[in-house]
Amino acid sequence: MKAILKDLGLSDVNPGAGTGTTWLKCGGEILESVSPIDGQIIGRVRQASVADYDKVATKASAAFKEWRMVPAPERGHIIRQIGNAVRARKQELGTLVSLEVGKIAAEAEGEVQEMIDICDFAVGQSRMLYGLAMHSERPRHRMYEQYHPLGPIGVITAFNFPVAVWSWNAMVALVAGDTVVWKPSSKAALTALALSKIISRVLQENALPEGIMNVVIGSRNEVGERLIADKRLPLISATGSVAMGRHVGQVVASRLGKSLLELGGNNAVIVSSQADLDLAVRAILFGAVGTAGQRCTTIRRVIAHKEIFNPLSEALIQAYKQVVIGNPLEDGVLMGPLIDGQAVQDMQKALKELESQGGRILYGGEILSGSIYDAGTYVTPCICEARNDYPIVQEETFAPILYLIPYDTLEEAIQYQNNVPQGLSSAIFTRDLHESEIFLSHMGSDCGIANVNIGTSGAEIGGAFGGEKDTGGGRESGSDAWKTYMRRQTCTINWSREMPLAQGIEFGID
Ligand code: NAD
């Protein structure tokens with residue numbers, strides 16, 4: 001572990017605020033990064049105070065004035081180098097993600113790969129920051145829309161994707177000409193610092209000024225509140241729980257800033273009587289148990305046709321029994337620990353509520369003990385029988401609990417699928433074209449992501465990622481999500497020698 005930390009440029013106690021090229025002597029309290037694998041302290045961070053945050057935001061504002069003037073393809077050239085630097089450290093970064101948040105190695109490295117992919121995407125995007133040209137109603141006039149860099153951007157991230165989610169924002173913001181102030185989750189502080197150090201080397205090698213890519217680790221109540229209220233940051237992109245997003249959205253709206261919210265999900269898979277059950281079981285296993293049920297896109301509900309309800313639940317229970325739970329860095333392990341003791345308690349509380357509301361545990365849900373389990377936060381993934389309208393089923397419990405819900409007609413299944421406050425990801429398993437098209441139509445899934453014959457998680461970076469309703473409505477990563485990080489300007493140029501007005505208005509003096 002020590003060798004990996006050293007290789008990533010981390011020491012025993014690390015400053016929690018940096019401006020891309022310079023690290024601040026921070027004035028906040030010490031934060032211990034504790035591994036959920038075995039309860040050991042991985043490293044420490046001297047957190048930023050509000051005063052430290054202010055220094056960083058000042059640098060980010062100053063650097064914006066320079067960075068925005070660097071041509072976009074040149075910005076892309078810097079991002080290409082960042083992508084290559086991360087590529088060279090993929091395994092070490094993956095190991096740190098496993099140590100800090102408990103993901104199995106394959107998923108942790110997969111997350112680093114997402115950052116590499118978004119770097120490639122952003123490099124291409126650097127030559128495609130297109131605006132539209134349109135025909136003016138006035139003779140000899142030209143109209144077009146262009147996109148300009150927006151400013152220093154605040155990025156708040158959740159613990160569960162400490163590399164990918166930030167990079168989806170940061171790399172796209174960078175190519176758009178923005179500078180970034182990142183407030184990562186305190187539960188994944190070392191990963192954030194390791195990434196910042198990798199980027200720092202690239203910025204220094206290119207003799208870029210400080211303030212382009214900033215990181216601030218500090219308490220949500222002080223540093224977090226200061227960041228979201230900071231008028232210098234025209235956009236706050238926040239990923240996390242619905243409760244956090246509701247608050248951040250209100251604070252940012254009250255200063256008429258822009259927010260991009262990526263919040264909790266309550267994702268369902270409909271399994272029709274026409275489904276390939278084997279395919280469905282494999283997808284549900286990964287979607288519900290992967291990352292120990294701690295993905296925003298985790299499958300939380302399976303809405304199964306009554307005809308296949310029993311064979312499907314039997315097959316899922318058999319599959320769950322084979323899941324090896326343990327140290328996420330060991331080969332063959334499919335599920336690591338939950339992030340902390342609070343997450344274990346939340347899971348137990350949800351299961352009690354489920355039973356009191358009429359639901360039934362079919363498999364799992366125990367806290368594991370003995371050997372490594374005693375020092376960590378390990379549970380068995382859980383399958384329950386439930387109804388969609390139970391209050392607990394309406395909530396996102398960030399743990400591996402899967403609710404199985406029977407249905408009769410597709411109309412009823414879609415109604416269940418949509419009838420939750422969140423709207424992130426959804427899927428149907430069917431071989432019937434009519435069913436899949438209904439699911440994808442205006443009368444189908446109301447989520448930001450709708451899949452056929454694949455699960456709800458594991459999105460690719462090429463498509464814009466995000467969800468509707470309580471999930472917050474934001475879109476980040478691919479497609480045209482870059483537009484959020486820029487300001488749009490409509491320009492009209494009169495190249496005639498006349499002054500015609502729009503809508504045929506005559507307004508002049510003879
Ligand atoms: P969380 O809401 O507890 O924290 C997320 C981030 O918000 C952290 O960095 C935290 O410090 C910060 N924060 C909280 N209150 C703040 C405040 N007042 N001011 C500024 N910052 C504040 O979430 P978590 O436990 O880290 O992550 C799990 C949640 O994130 C789940 O609900 C999950 O679904 C969601 N999530 C959503 C997506 C998505 O893209 N939709 C992706 C990953 C995670």
Side-chain angles (χ1 to χ4, degrees), residues 36-38 98 102-108 110 267-271 275-295 297-339 343-344 346-352 354-355 359-386 392-393 397-406 427 429 453-458:
I37 299 176
D38 54 9
S98 292
K103 279 188 196 194
I104 61 167
E107 289 189 75
N267 318 294
V269 166
I270 297 172
V271 184
D276 176 336
L277 279 196
D278 182 49
L279 208 65
V281 169
R282 279 190 278 153
I284 294 168
L285 184 69
F286 172 65
V289 174
T291 327
Q294 300 169 112
R295 285 188 184 215
T297 50
T298 289
I299 300 173
R300 310 217 173 269
R301 297 174 295 144
V302 167
I303 303 168
H305 194 275
K306 280 182 177 155
E307 275 175 21
I308 49 90
F309 188 89
N310 286 337
L312 180 68
S313 35
E314 266 312 305
L316 282 171
I317 290 169
Q318 287 313 317
Y320 269 49
K321 282 183 179 162
Q322 291 166 49
V323 171
V324 180
I325 303 160
N327 185 331
L329 287 165
E330 278 175 18
D331 282 348
V333 169
L334 285 186
M335 191 176 124
L338 295 189
I339 185 69
V344 176
D346 291 348
M347 179 173 175
Q348 296 305 306
K349 184 164 163 273
L351 292 176
K352 283 208 182 78
L354 174 85
E355 287 179 318
R360 203 157 61 94
I361 297 175
L362 302 179
Y363 175 79
E366 299 95 5
I367 301 174
L368 288 169
S369 58
S371 68
I372 184 180
Y373 295 145
D374 279 338
T377 42
Y378 296 86
V379 295
T380 49
C382 185
I383 301 177
C384 310
E385 199 174 321
I392 192 65
V393 175
T397 302
F398 218 51
I401 302 177
L402 183 66
Y403 301 119
L404 302 187
I405 300 159
F429 277 81
N453 292 333
I454 62 166
T456 57
S457 62

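In plain terms, the two heavy atoms of Met347 and Gly365 that are nearest each other are CE-CA, 4.0 Å. The two residues Gly102 and Pro36 come nearest to each other via the heavy atoms N-CG, 3.8 Å. The two residues Tyr403 and Leu354 come nearest to each other via the heavy atoms CE2-CD1, 3.6 Å. Closest approach of Gly458 and Arg295 over heavy atoms only: N-NH1, 3.5 Å.
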Legend entry - Steps toward side-chain contact (heavy atoms from CB on, under 4.5 Å) verdict (Ile405, Val393): CA-CA 10 Å; Ile405 300 159; Val393 175; 4.2 Å; yes
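With sequence neighbours excluded, the residues that form a salt bridge (charged side-chain N to carboxylate O under 4.0 Å, His left out) with Glu385 are Arg360. With sequence neighbours left out, the side-chain contact (heavy atoms from CB on, under 4.5 Å) criterion links Tyr363 to Ile317, Tyr320, Lys321, Ile383. Applying the side-chain hydrogen bond (donor to acceptor under 3.5 Å, both in side chains) rule to Lys352 yields no partners; only residues at least two apart in sequence or on another chain are considered. Checked against side-chain hydrogen bond (donor to acceptor under 3.5 Å, both in side chains), Asp346 has the following partners two or more places apart in sequence or in another chain: Gln342. Residues satisfying the side-chain contact (heavy atoms from CB on, under 4.5 Å) test with Asp331, not counting sequence neighbours, are none. With sequence neighbours left out, the side-chain contact (heavy atoms from CB on, under 4.5 Å) criterion links Asn310 to Ser313. With sequence neighbours left out, the side-chain hydrogen bond (donor to acceptor under 3.5 Å, both in side chains) criterion links Gln294 to no other residue. For Val333, the side-chain contact (heavy atoms from CB on, under 4.5 Å) test picks out Ile104, Val324, Glu330, with sequence neighbours left out. For the salt bridge (charged side-chain N to carboxylate O under 4.0 Å, His left out) test, no residue two or more places apart in sequence or in another chain qualifies with Arg301.
Annotation: side chain of Leu402 is not in contact with side chain of Pro381 (no heavy-atom distance under 4.5 Å). You'll find the side chain of Leu312 stays beyond 4.5 Å of the side chain of Leu404, heavy atoms only. Between Asn267 and Ser457 there is no side-chain heavy-atom pair separated by less than 4.5 Å. Counting heavy atoms from C-beta outward, Val302 and Val271 have side chains that approach closer than 4.5 Å. You'll find the side chain of Leu338 reaches within 4.5 Å of the side chain of Pro400, heavy atoms only. Here the side chains of Asn327 and Asp38 are not in contact, with every heavy-atom distance at 4.5 Å or above.
Counting only residues at least two apart or on different chains, the side-chain hydrogen bond (donor to acceptor under 3.5 Å, both in side chains) pairs with a member in residues 366-378 are Glu366-Thr380. Residue pairs meeting the salt bridge (Lys or Arg N to Asp or Glu O under 4.0 Å) criterion with at least one member in residues 302-314, sequence neighbours excluded, are Lys306-Asp408.
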Side-chain donor-acceptor distances from residues 276-284 under 3.5 Å, at least two apart:
residue: Asp276; atom: OD1; partner: Asp278; partner atom: N; Å: 3.1
residue: Asp276; atom: OD1; partner: Leu279; partner atom: N; Å: 3.2
residue: Asp278; atom: OD2; partner: Arg282; partner atom: NH2; Å: 3.4

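Rounded to the nearest 0.5 Å, atoms CG (Leu362) and CG (Leu316) are 10.0 Å apart. In this structure, CZ in Phe286 is found 9.0 Å from OG1 in Thr298, a value given to the nearest 0.5 Å. In this structure, the separation between CD1 on Ile325 and CD1 on Ile372 is 12.0 Å, given to the nearest 0.5 Å. To the nearest 0.5 Å, the span separating SG on Cys384 from CG on Leu351 amounts to 5.5 Å.
In this structure, Arg300 contributes its side chain and Thr397 its backbone to a donor-acceptor pair below 3.5 Å. Of the possible polar contacts, one joining the Ser98 side chain to the Lys103 backbone as a donor-acceptor pair under 3.5 Å is found.
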